[in-house]
Amino acid sequence: MDLTLGPNLFFWEAERVRDFYAKIADEAPVARVVLGEVVCSKRLPFWQGEIPVAVERLRAAGKEVWLSSLALVTLKRERTLTEELIDAGVGIEIADLTALAYVPEGAPFSVSPLINCYNVGTLDWLAARGARRICLPNELPMESVATLAQAGKERGVAVEVWGFGRQPLAISGRCYHARLHDRIKDSCQFICNADPDGREVDTLDGERFLAVNGVQTLSCATSFVGREIPGLLAAGVSALRLSPHTGDMVGLARAFDEAVKAGANTDALEAAARAVAPGGQLANGYLHARAGAEWVDA
Amino acid sequence: MELVCPAGTPAALRAAVEAGAHSVYCGFADETNARNFPGLNFSPKELAEGVAFAHRHGAKVLVAINTFPRAGDESLWHRNIAATEAAGADAVILADMGLLAYAAKNHPNLRRHLSVQAAAANPDIINFYNREFGVKRVVLPRVLTVAEIAAINRETPEVETEVFVFGGLCVMAEGRCSLSSYATGKSPNMNGVCSPATEVEYVEEGDQLAARLGDFTIHRVGKDQPAPYPTLCKGCFTSGDQVGHIFEDAVSLNAQDILPQLAKAGVTALKIEGRQRSRSYVAQVVRSFRAAVDALAAGQPMPQGALAALSEGQATTTGAYAKTWR
């Protein structure tokens with residue numbers, strides 16, 4: 001089992017993006033990095049110049065690199081953007097099935113957790129179409145993860161599980177960041193860049209609940225599977241995905257790397273996870289077939 | 001335009017057909033469909049009887065098998081696809097890629113529609129579903145404007161489109177939302193339920209009534225006020241110094257006023273949400289929409305306002321069909 005750094009879901013300044021991937025390339029023990037704009041095509045012009053720079057830097061450091069598509073493709077401009085990803089000479093990760101429509105039959109691709117791969121029938125179909133890696137949807141319980149990891153092994157598909165990060169829960173046509181500022185999506189003024197880990201949404205009781213990120217809704221609690229490492233190893237899961245936050249992702253990747261090599265969670269890993277998680281709040285309910293927001297003291 | 005109406009029970013199916021539905025859609029009484037509620041849905045025998053009844057009255061029956069099968073347990077979904085064909089139903093509505101591939105291979109003569117739960121939102125993916133799985137109709141997700149729907153129809157000549165015009169309104173791309181399971185452990189994709197009643201609790205707090213879903217308060221109203229059902233995305237929350245319906249108000253969809261635009265956009269079928277609704281509700285909505293569709297076909301003005309009282313929280317929206325909703 002190794003580590004994948006997932007695409008940054010938030011709207012970060014170009015400079016922060018550049019520094020982040022340079023540091024990851026030089027210091028983080030991750031085997032591969034997926035990058036690209038997942039959430040909103042309107043953000044892309046502000047940082048797309050950083051993508052080739054990061055790809056080159058990461059490759060030079062020996063990382064495997066994949067480019068993610070958008071999670072929801074509706075506009076003509078977005079269709080064109082998605083089709084152009086195929087020509088970039090970097091493997092594509094499909095986050096909307098639309099991207100697969102442009103992938104030549106049999107060409108390799110990776111599958112985002114935002115694609116609904118819940119069962120062996122779908123895994124089979126994706127594998128036959130050329131899938132090499134599949135990061136499973138977050139809400140799957142360990143039993144399903146084990147079934148799919150086994151099926152993946154038999155078909156030469158690496159099955160990956162969300163290991164750390166606020167979890168993507170929904171994507172919409174409506175921009176909630178804009179709505180919170182009494183704007184509509186077309187006149188958003190890119191306000192989502194004010195919240196580089198997402199903007200928190202609490203219940204009326206003041207309980208921390210969700211986080212909005214433009215058109216995306218995330219969990220407020222940060223998913224963390226440190227305590228499930230032995231079970232995930234036994235299930236044959238091939239990688240854990242770490243989703244970028246503004247905290248110390250290099251330190252977190254190092255702690256994960258050590259724990260995975262040792263075959264079990266460590267205090268250092270859990271401390272690193274709490275340090276990076278916004279508000280220090282962790283959750284692991286989904287793998288235990290519970291509500292995703294729950295923290296099961298496993 | 002074809003009017004596609006909900007049938008949560010055999011009685012609702014008959015009521016919808018008698019009220020003028022061109023088609024009805026329904027599901028089996030298990031977790032294979034996205035309205036897996038107690039006391040709802042059909043056995044294979046009831047489905048066969050319902051299909052016979054509908055066909056006698058010139059109406060079609062579409063069967064929704066639109067959840068995502070549990071890993072290692074796909075046989076239940078496969079059996080229901082076979083039962084759909086055996087009952088003589090006119091189409092099966094699927095969302096899962098594995099099931100689409102299975103149905104195309106094993107039941108090639110059963111017409112395949114793409115469920116809204118697959119959230120196919122542009123011409124390229126719709127044509128892809130047609131090419132790969134022989135999908136003949138796609139139910140469009142509620143993230144598109146009328147102009148975008150028109151553009152889709154221009155570019156997908158092999159595929160019909162069906163759009164929601166009335167009832168519950170998802171504000172997220174359907175089939176890509178796990179808000180419900182985050183709070184309750186149960187989701188539309190895996191269990192066919194959203195914000196399920198088994199996880200809802202109303203708690204009296206002084207002169208207020210709090211509606212809780214799982215461990216989370218979704219909204220709180222004065223005891224003498226109407227308390228909407230605590231669907232997660234319609235809840236009242238806080239963010240920074242703001243308090244309110246961050247995602248969507250307690251509104252439901254009513255696109256009756258824009259039926260002419262939808263017709264012009266090339267839409268084939270209009271879908272009414274509400275398999276969980278009563279027979280009398282279904283009959284009333286179907287009758288009203290049938291009158292509107294008939295008026296439209298005859299070039300007469302749309303009948304106004306007949307449905308307002310039936311809408312959730314008495315407030316309605318045209319949702320994403322208008323660009324400013326976003």
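The analysis underlying the following values was restricted to heavy atoms, covering all of them including side chains, and did not include hydrogens, waters or symmetry mates. Naming: A, B, ... by sequence-line order, numbering from 1 per chain.
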task = Check the pair B:Phe128, A:Leu100 against side-chain contact (heavy atoms from CB on, under 4.5 Å), reporting the backbone distance first and the verdict last.
result = CA-CA 9 Å; B:Phe128 180 78; A:Leu100 190 52; 4.0 Å; yes
query = A:Trp125 vs B:Phe133 aromatic rings, parallel, tilted or perpendicular, using cut-offs 30° and 60°?
reply = tilted
task = Take the angle between the ring planes of B:Tyr182 and A:Tyr286 and call it parallel below 30°, perpendicular above 60°, tilted in between.
result = tilted
Against chain A, label [X] side chain, backbone, both or neither, depending on which of its atoms sit under 4.5 Å from a heavy atom there.
X        : answer
B:Thr184 : backbone
B:Leu232 : side chain
B:Arg142 : neither
B:Ala320 : neither
B:Glu132 : side chain
B:Leu144 : side chain
B:His245 : both
B:Phe68  : both

For residues [X] and [Y], is any side-chain donor paired with an opposing acceptor at under 3.5 Å?
X        : Y        : answer
A:Thr74  : B:Asn122 : no
A:Glu139 : B:Ser181 : yes
A:Thr122 : B:Asp96  : yes

Residue pair [X] / [Y]: nearest heavy atoms and the distance that separates them:
X        : Y        : answer
B:Val143 : A:Gly173 : CG1-N, 3.6 Å
B:Pro69  : A:Asn119 : O-ND2, 3.0 Å
A:Asp202 : B:Phe237 : O-CB, 3.1 Å

Are [X] and [Y] within salt-bridge range, i.e. N to O under 4.0 Å?
X        : Y        : result
A:Arg174 : B:Glu248 : yes
A:Arg179 : B:Asp249 : yes
B:Glu148 : A:Lys76  : no

Tell me if a side-chain donor or acceptor on [X] pairs with a main-chain N or O of [Y] at a distance below 3.5 Å.
X        : Y        : value
B:Thr238 : A:Leu204 : no
B:Glu74  : A:Gly121 : yes
A:Ser172 : B:Val171 : yes

note = So CZ of B:Arg176 and CG of A:Leu97: to nearest 0.5 Å the spacing works out to 8.5 Å
inquiry  = If I take atom CG from residue B:Asn189 and atom CG from residue A:Asn116, how far apart are they, to the nearest 0.5 angstrom?
reply    = 5.0 Å
ask   = When only heavy atoms count and the cut-off is under 4.5 Å, which of residues 183-194 of chain A reach chain B?
value = A:Ile184, A:Lys185, A:Asp186
